[in-house]
Amino acid sequence: MIEQYLTRDGNFLLFHACCSILVITPIMKKDPTLFPEDFIWGASTSAYQIEGAHDAQGKGASIWDLFVQRENRIWRGQNGRVACDHYYRFKEDVAQMRLMGLKAYRFSLSWARILPDGTGTINEAGLAYYDALINELLENNIEPWVTLFHWDLPYELFLRGGWLNRSSPEWFSEYTKVVVSRFSDRVERWVTINEPQCFIGLGYRDGTHAPGLNLSFGECLMAGHNALLAHGRSVQVIRENAKRTPMIGWSPSGSVYRPGSNRLDDISAAREATSAIYSDNVWNTRWWSDPAILGHYPEDGLKVYEKALPKFPATDFEIIQQPLDYYCCNIFQATPVRMSDEGTPVAIPLSDGEDISLYEWSQNPDCLYWGPRFIHELYDLPIVITENGCSTSDRVSLDGAVHDSNRTDFMVGHLLSLRKAMDDGVDVRGYFHWSLLDNFEWHEGYKHRYGLIHVNYENQVRTWKDSAYCLQEIISSNGNSLKEFLHSDSEPVPYVVKEAKRYIDLNLSETFNVKTIAVHLNCHPDFLSRRFKQYVGTSLSDYIRRLRLEFARNLLRNADVQIGEAADRAGFSDRIHFSKVFRKEMGMTPSQYQQQFRVVEGQPVVEVSKNPRLT
Ligand code: NOJ
């Protein structure tokens with residue numbers, strides 16, 4: 001039995017009473033902007049992008065420390081030697097986080113700060129630095145979310161072959177053990193590796209990121225496989241050694257697509273593109289996430305990559321596949337697609353004047369609806385948005401403020417999309433904005449500003465941008481302040497409800513039921529029925545039946561239409577069933593109805609309104 005009750009504050013509670021066990025699940029009230037009470041509001045950074053102190057207190061060099069020294073690799077020859085000087089200013093930065101109301105802060109550890117050579121000797125000063133940062137966060141009621149690897153591989157390990165070396169997963173597990181033994185008395189949230197697509201695709205294939213290699217595709221797949229093994233080993237090591245029960249995720253790049261329109265075939269095209277592996281590049285989701293979550297490379301990927309693919313022992317997948325507590329999505333944009341006449345997804349070029357970031361990425365907020373939705377459909381894990389943000393070239397205005405209206409609009413639009421996805425059944429636990437501070441944007445140097453807080457790199461002065469104040473309000477009102485950005489008070493109808501109605505309109509003459517529509521919309525029939533009832537007031541099956549009857553009634557008013565034909569055209573499976581349903585609903589048989597209500601020479605024989613059931 002499932003019953004729904006309204007609580008005093010207007011929230012719905014679902015009571016599942018089953019075999020005398022009573023489970024109470026709070027579900028969100030129909031408010032389009034409110035987030036769950038325990039929603040995780042955070043911001044993200046990474047070590048090389050903000051810390052600076054590149055050789056302080058025994059830190060070893062990372063591949064990025066060396067890469068930035070090469071000519072013509074980084075915009076204007078810039079580097080992260082000082083960056084935001086966060087290493088020395090972390091207390092000040094944590095104070096800003098607290099003021100902003102952040103509940104969580106995601107940062108990465110510099111592997112070479114802790115193990116200067118990558119393995120072996122431990123640098124106590126490095127551990128002490130992160131100890132102090134973690135303690136400072138906790139004292140300010142901000143939960144630390146630790147990413148173990150955000151691209152800055154120790155240079156010594158690169159000299160030993162880096163990710164191409166089959167020992168790299170063991171190096172990573174040694175490092176994980178050091179870190180977990182030290183911090184897991186206070187840290188519960190762990191993210192293993194960040195965006196393998198990037199550090200392999202850009203670092204090993206294109207050479208635009210450290211270590212700047214242009215390897216064969218097969219070698220890249222080998223390096224990627226070792227990174228996957230490292231992820232798996234790391235999860236094992238965390239679970240074996242953590243002092244507090246850990247919650248573990250990983251954060252691959254969000255290679256997601258969105259439909260160019262709300263047509264069901266364009267939605268199918270976006271879903272297909274999001275799970276596709278097209279050619280010899282690493283920019284996709286499933287090559288990386290299938291092994292980590294499902295325990296094998298995807299069949300279609302194995303075919304597409306066949307020629308380049310090295311051989312891997314089958315037992316590797318027992319290591320790579322580890323239970324995860326959530327899927328961390330880094331989503332900044334999604335390419336719009338439509339379904340071609342040949343039934344394949346094709347990219348839609350951005351229109352003239354379309355809103356784009358400094359990277360020329362689309363700013364369309366739909367990516368934070370469809371991305372989490374498709375990923376949730378693929379892997380059925382709770383989702384945390386660990387990165388979402390936009391790059392602009394903000395500056396401090398003459399009035400002393402930073403008016404980054406682009407970022408504010410971006411953030412608000414994306415949060416509303418995310419909230420809509422939650423309304424439509426996607427289990428989203430948190431949102432981390434990228435980034436807390438302006439920072440070193442890899443090969444683009446300091447050209448791009450991603451921060452909620454502006455950093456003056458000459459004097460390290462921090463200035464809150466307008467978007468930071470906006471996020472502060474969103475967090476303190478738990479989403480309520482987003483209302484001021486909605487253009488009407490009317491509650492947006494959930495996507496599944498809208499699309500179910502559209503499906504019914506388009507297919508009324510076909511035989512279908514609630515299950516058919518649910519399959520079409522890729523959601524569970526119970527979820528669809530519940531949502532529909534909640535918003536429309538009648539059950540979905542009643543709604544379909546009524547529409548069919550109404551359509552049949554209209555047909556029957558034409559004296560030339562046979563009963564069987566009306567049944568058929570209104571989507572009833574057979575005439576007997578049609579007559580039964582008709583009689584039950586209308587109090588007369590279809591032929592009696594036709595007799596009484598048929599239209600003769602433009603005039604009804606009897607006034608339709610005389611039948612009380614015809615309302
Ligand atoms: C994702 C990466 O994790 C982060 O390091 C980078 O700065 C952002 N993308 C923006 O490009």
Side-chain angles (χ1 to χ4, degrees), residues 42-52 62-65 67-68 74-75 78-80 83-84 86 105-111 145-153 191-203 206 208-211 227 231 249-256 282-285 288-289 327-335 356-363 367-368 371 375 384-394 404 406-407 410-411 414 431-455 457 467:
S44 282
T45 62
S46 89
Y48 190 74
Q49 293 180 272
I50 64 163
E51 281 180 1
S62 82
I63 52 173
W64 273 95
D65 288 310
F67 187 66
V68 295
I74 314 290
W75 188 69
Q78 295 171 341
N79 60 63
C84 307
H86 176 75
Y105 172 53
R106 172 177 174 255
F107 59 98
S108 76
L109 308 179
S110 153
W111 185 344
W145 281 58
V146 172
T147 301
L148 294 172
F149 182 69
H150 200 126
W151 307 354
D152 46 352
L153 186 77
V191 180
T192 56
I193 58 178
N194 184 69
E195 301 200 0
Q197 291 95 326
C198 277
F199 66 82
I200 300 296
L202 302 176
D206 300 353
T208 51
H209 273 203
H231 155 79
W250 83 320
S251 55
S253 310
S255 299
V256 291
V282 295
W283 302 106
N284 63 68
T285 294
W288 304 92
S289 293
Y327 191 112
C328 299
C329 288
N330 291 358
I331 297 179
F332 289 76
Q333 57 152 348
T335 306
I356 50 173
S357 69
L358 204 57
Y359 261 130
E360 302 192 11
W361 294 350
S362 156
Q363 307 275 78
C367 68
L368 229 51
I375 298 283
V384 178
I385 305 299
T386 35
E387 289 186 28
N388 168 250
C390 76
S391 67
T392 48
S393 53
D394 314 303
D404 60 336
N406 285 2
R407 180 166 298 97
F410 178 97
M411 187 172 66
H414 283 70
Y431 172 88
F432 288 76
H433 193 79
W434 181 272
S435 178
L436 176 73
L437 304 166
D438 288 339
N439 59 50
F440 179 75
E441 178 53 22
W442 308 111
H443 63 305
E444 295 280 308
Y446 298 100
K447 178 175 167 192
H448 299 247
R449 290 182 179 271
Y450 265 105
L452 293 158
I453 299 177
H454 180 276
V455 177
Y457 296 109
S467 57

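Keep in mind that this is a model prediction, so the values were computed, not measured. One-based numbering, in listed order, for ligands and for the atoms of each. In this chain, residues are counted from 1 in sequence order.
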Quickly, which of F149, W250, W151 forms a side chain to side chain contact (heavy atoms under 4.5 Å, CB included) with P196? Name it, please. W250
Please confirm whether H150 approaches ligand 1 to less than 4.0 Å, judged on its heavy atoms. yes
Under 3.5 Å between some N or O of ligand 1 and some N or O of Y359? no
With respect to S46, determine whether any N or O atom, backbone or side chain, lies less than 3.5 Å from an N or O atom of ligand 1. no
Go through R449 and D404 one step at a time and tell me if the salt bridge (Lys or Arg N to Asp or Glu O under 4.0 Å) criterion holds. CA-CA 10 Å; R449 290 182 179 271; D404 60 336; over 6 Å; no
Flag, side chain of W111 to backbone of D152, donor-acceptor distance under 3.5 Å: no
One should read off an interatomic distance between H150 NE2 and W64 CH2, to the nearest 0.5 angstrom, of 10.0 Å
Residue portion contacting ligand 1 (non-hydrogen atoms closer than 4.0 Å) for N439: neither
Give the residue and atom name of whichever protein heavy atom lies nearest to atom 1 (C) of ligand 1, and the separation in Å to one decimal. E387 OE1, 2.9 Å
Testing Y359, W442, F440 one by one against H448 for a side chain to side chain contact (heavy atoms under 4.5 Å, CB included), which residue passes? Y359
Taking atom 11 (O) of ligand 1 as the reference point, the nearest protein heavy atom with its distance: E441 OE2, 2.6 Å
